[in-house]
Asker: 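Handing you this structure, nothing more for now.
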2 protein chains.
Amino acid sequence: MLAPDLARKASCEDCPIRHRAVCAHCEGDELQVLEGMKSYRTYTPGEPIVWAGDDFNFVASVVTGVAAMSQTMEDGRRQMVGLLLPSDFLGRPGRAHAAFDVTAATSVTLCRFERRPFEALLRETPAVGQRLLEMTLDELDAAREWMLLLGRKTAREKISSLLAILARREASLSQQIPGGEIAFDLQITREAMADYLGLTIETVSRQLTALRRDGVIVLTGSRHVTVPDYDNLAAEAGDDADGTQLT
Amino acid sequence: MLAPDLARKASCEDCPIRHRAVCAHCEGDELQVLEGMKSYRTYTPGEPIVWAGDDFNFVASVVTGVAAMSQTMEDGRRQMVGLLLPSDFLGRPGRAHAAFDVTAATSVTLCRFERRPFEALLRETPAVGQRLLEMTLDELDAAREWMLLLGRKTAREKISSLLAILARREASLSQQIPGGEIAFDLQITREAMADYLGLTIETVSRQLTALRRDGVIVLTGSRHVTVPDYDNLAAEAGDDADGTQLT
DNA sequence: CTCCGCCGTTGATCCAGATCAACGCCTGGA
DNA sequence: TCCAGGCGTTGATCTGGATCAACGGCGGAG
């Protein structure tokens, strides 16, 4: 593991984000390579980034906004399989075709690297590969947590789980006082929430109303949520206490 | 990528399985390390291998049998999040505690490596790390496929999907004639199937009966399945044709 | 300003799968 | 040999969430 101060070296500072996959382990030489590869692109809400099966010749980090990874069946049933938030990594080194659809959920800016040179970097710089392995293992754990949600949780627990995740993320970003209330914006529509949770938009709406009625959350408009008591929300989510602690 | 003939070198041949994570990239020196680390252990059906949260100081490959990775909620609801079949890798380099319960579904033999020296091997041998990254990315894709199943498929589609996966695996193992019928044993109980699919055992049983009634499968006893027409089964599973082709 | 389309909410009804219950078969132990 | 317990099946009933339907608010285009 490199010392933390190495993470900020040289031209990584030019980039509006810290690429989790590469920057934490960058040293001078690799950065030269990265500089030549980088390109930014912004997508408008709803715009497809790639379709499943398409050529997929770049990897990328999310700089701002939210992108959604999803699968659709022939009859239109859709399941979101990943929500990509700023600093998340998108792409599949070693595979030329996308396995899933990726769509901009909000306005999204990606910092993209061409796949081939990125793969070369991966081969030549084991630290980047190790970091990517760690990130992938974390994602796999998260996907497995999500399988419990999809397979066994009730609609109310599903909504509560999603809100708890967003609240945790907000709290960690803004250094909230533990025990204080947490407020954040739902960046996504009811439809995206439904696709993520394996529900319909009507059920999402009804359960949000029910959680508001029961005082678990406060809804200001339809997109702004305040969580007066995080532990209460976490209890609604039906999670074991482990791994969902705020601090 | 190493040439295929390197995969069989030296003492890897002593091992009853080819460790997907390491053997395909072994060269002389690393094998010395591996030899000192290996230990075998057999678990009886139902026996826990690790509990979520436990110290987890080894990684392993499945030699024979089936192990199940699962999560349980306080009230007993359970969701299986992975089925570990021979040659699958178990463990999480870089983490000292298990994230999920792992249980022997049948009699299972593992070939285990202590975690610490394995991590050292990983650091010193980038090829092993790359192989592990590839495997992890494949697992992540599989987990995401499973999310579609759990979130959006009907009970009949869920059962058909599981049978189609098992049939595909059987066909690839036994070099079946494409288009011919495929026969295999369900290694697992109805309960394990239910836990995997996010259903109850009664629903699993009823849907199997329905698929038999409709001629999609032939059930001999309760554990032996014959699939007369794979394409028919795949159609019941509701999958896109891509990625579920037999050949 | 008005109109239109999208987003979200709410109500009425339906149904797939859960739940509750009973039973048959097989296996292993006394 | 018989019994007990685990596994699987089937039937009856219930219910959580899907479906079908209507409506209100808001924001952008004209």
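Naming: A, B, ... by sequence-line order, numbering from 1 per chain.
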Asker: Look at the side chain of A/Arg156 against the base of D/dG16 and say whether a donor-acceptor pair falls under 3.5 Å; ignore hydrogens and angles.
Answerer: no

Asker: May I ask you to verify if any side-chain N or O of B/Thr203 is less than 4.0 angstrom from the OP1 or OP2 atom of C/dG17?
Answerer: no

Asker: What are the two closest heavy atoms between A/Leu199 and A/Ala155, and how far apart are they?
Answerer: CD2-CB, 4.0 Å

Asker: With a non-hydrogen cut-off below 4.0 angstrom, is A/Ser222 in contact with a base, only sugar-phosphate, or nothing?
Answerer: sugar-phosphate

Asker: What is the distance, to the nearest angstrom, from the CD1 atom on B/Ile201 to the P atom on C/dT19?
Answerer: 11 Å

Asker: Quick check: does any side chain N or O of B/Gln79 sit under 3.5 Å from a backbone N or O of B/Asp195, one acting as donor and the other as acceptor?
Answerer: yes

Asker: Can the ring centroids of A/Phe100 and A/Trp51 be said to lie less than 6.0 angstrom from one another?
Answerer: no

Asker: What is the distance, to the nearest angstrom, from the CZ atom on B/Arg77 to the P atom on C/dG17?
Answerer: 18 Å

Asker: Mind calculating the distance between CG (A/Leu211) and P (C/dT10) to the nearest angstrom?
Answerer: 13 Å

Asker: If each of A/Glu202 and A/Lys153 is mapped to the nucleotide of DNA chain D with the nearest heavy atom, which maps nearer the 5' terminus, i.e. the 5' end?
Answerer: A/Lys153

Asker: Mind checking if B/Gly46 touches a base, just sugar-phosphate, or nothing, with heavy atoms under 4.0 Å?
Answerer: nothing

Asker: B/Gln187 CD to D/dC7 P: how many Å, rounded?
Answerer: 16 Å

Asker: To the nearest angstrom, how far is A/Leu219 atom CG from C/dT10 atom P?
Answerer: 10 Å

Asker: For the side chain of B/Gln207, starting at C-beta, report the closest nucleotide among C/dG17, D/dG17, C/dG8.
Answerer: C/dG17

Asker: For the pair made of CZ in B/Arg206 and P in C/dC15, what is the distance, rounded to whole Å?
Answerer: 18 Å

Asker: Does a distance-only test, which skips hydrogens and angles, find a donor-acceptor pair under 3.5 Å between the side chain of A/Arg212 and the base of C/dT9?
Answerer: no

Asker: Give one of base, sugar-phosphate or nothing for A/Leu199, where a contact means two heavy atoms less than 4.0 Å apart.
Answerer: sugar-phosphate

Asker: Which nucleotide sits closest to the side chain of A/Thr200: D/dA18, D/dT10, D/dT9?
Answerer: D/dA18

Asker: So, B/Lys153 side chain and B/Lys158 main chain: donor-acceptor pair closer than 3.5 Å or not?
Answerer: no

Asker: For a quick test of reading the model, state the closest non-hydrogen atom pair linking A/Ala98 to A/Val50 and the distance between them.
Answerer: CB-CG2, 4.0 Å

Asker: Assign A/Thr189 to base, sugar-phosphate, or nothing according to its heavy-atom contacts below 4.0 angstrom with the strands shown.
Answerer: sugar-phosphate

Asker: With a 4.0 Å cutoff (strictly under), does any side-chain N or O of B/Thr209 reach OP1 or OP2 of D/dT9?
Answerer: no

Asker: May I have the distance from A/Leu208 (atom CG) to D/dG17 (atom P), rounded to whole angstrom?
Answerer: 14 Å

Asker: Take atom CD1 of B/Ile188 and atom C1' of D/dC7, then tell me their distance rounded to the nearest Å.
Answerer: 14 Å

Asker: Give a yes or no on whether the backbone of B/Arg92 and the side-chain of B/Arg115 come within a donor-acceptor separation of less than 3.5 Å.
Answerer: no

Asker: Taking the nucleotide of DNA chain C with the nearest heavy atom to each, does A/Arg223 or A/Arg152 sit closer to the 5' end?
Answerer: A/Arg223

Asker: Look at all strands and tell whether B/Gly221 reaches a base, only sugar-phosphate, or nothing, counting heavy atoms closer than 4.0 Å.
Answerer: nothing

Asker: Does C/dT9 have its OP1 or OP2 closer than 4.0 Å to a side-chain nitrogen or oxygen of A/Arg190?
Answerer: yes

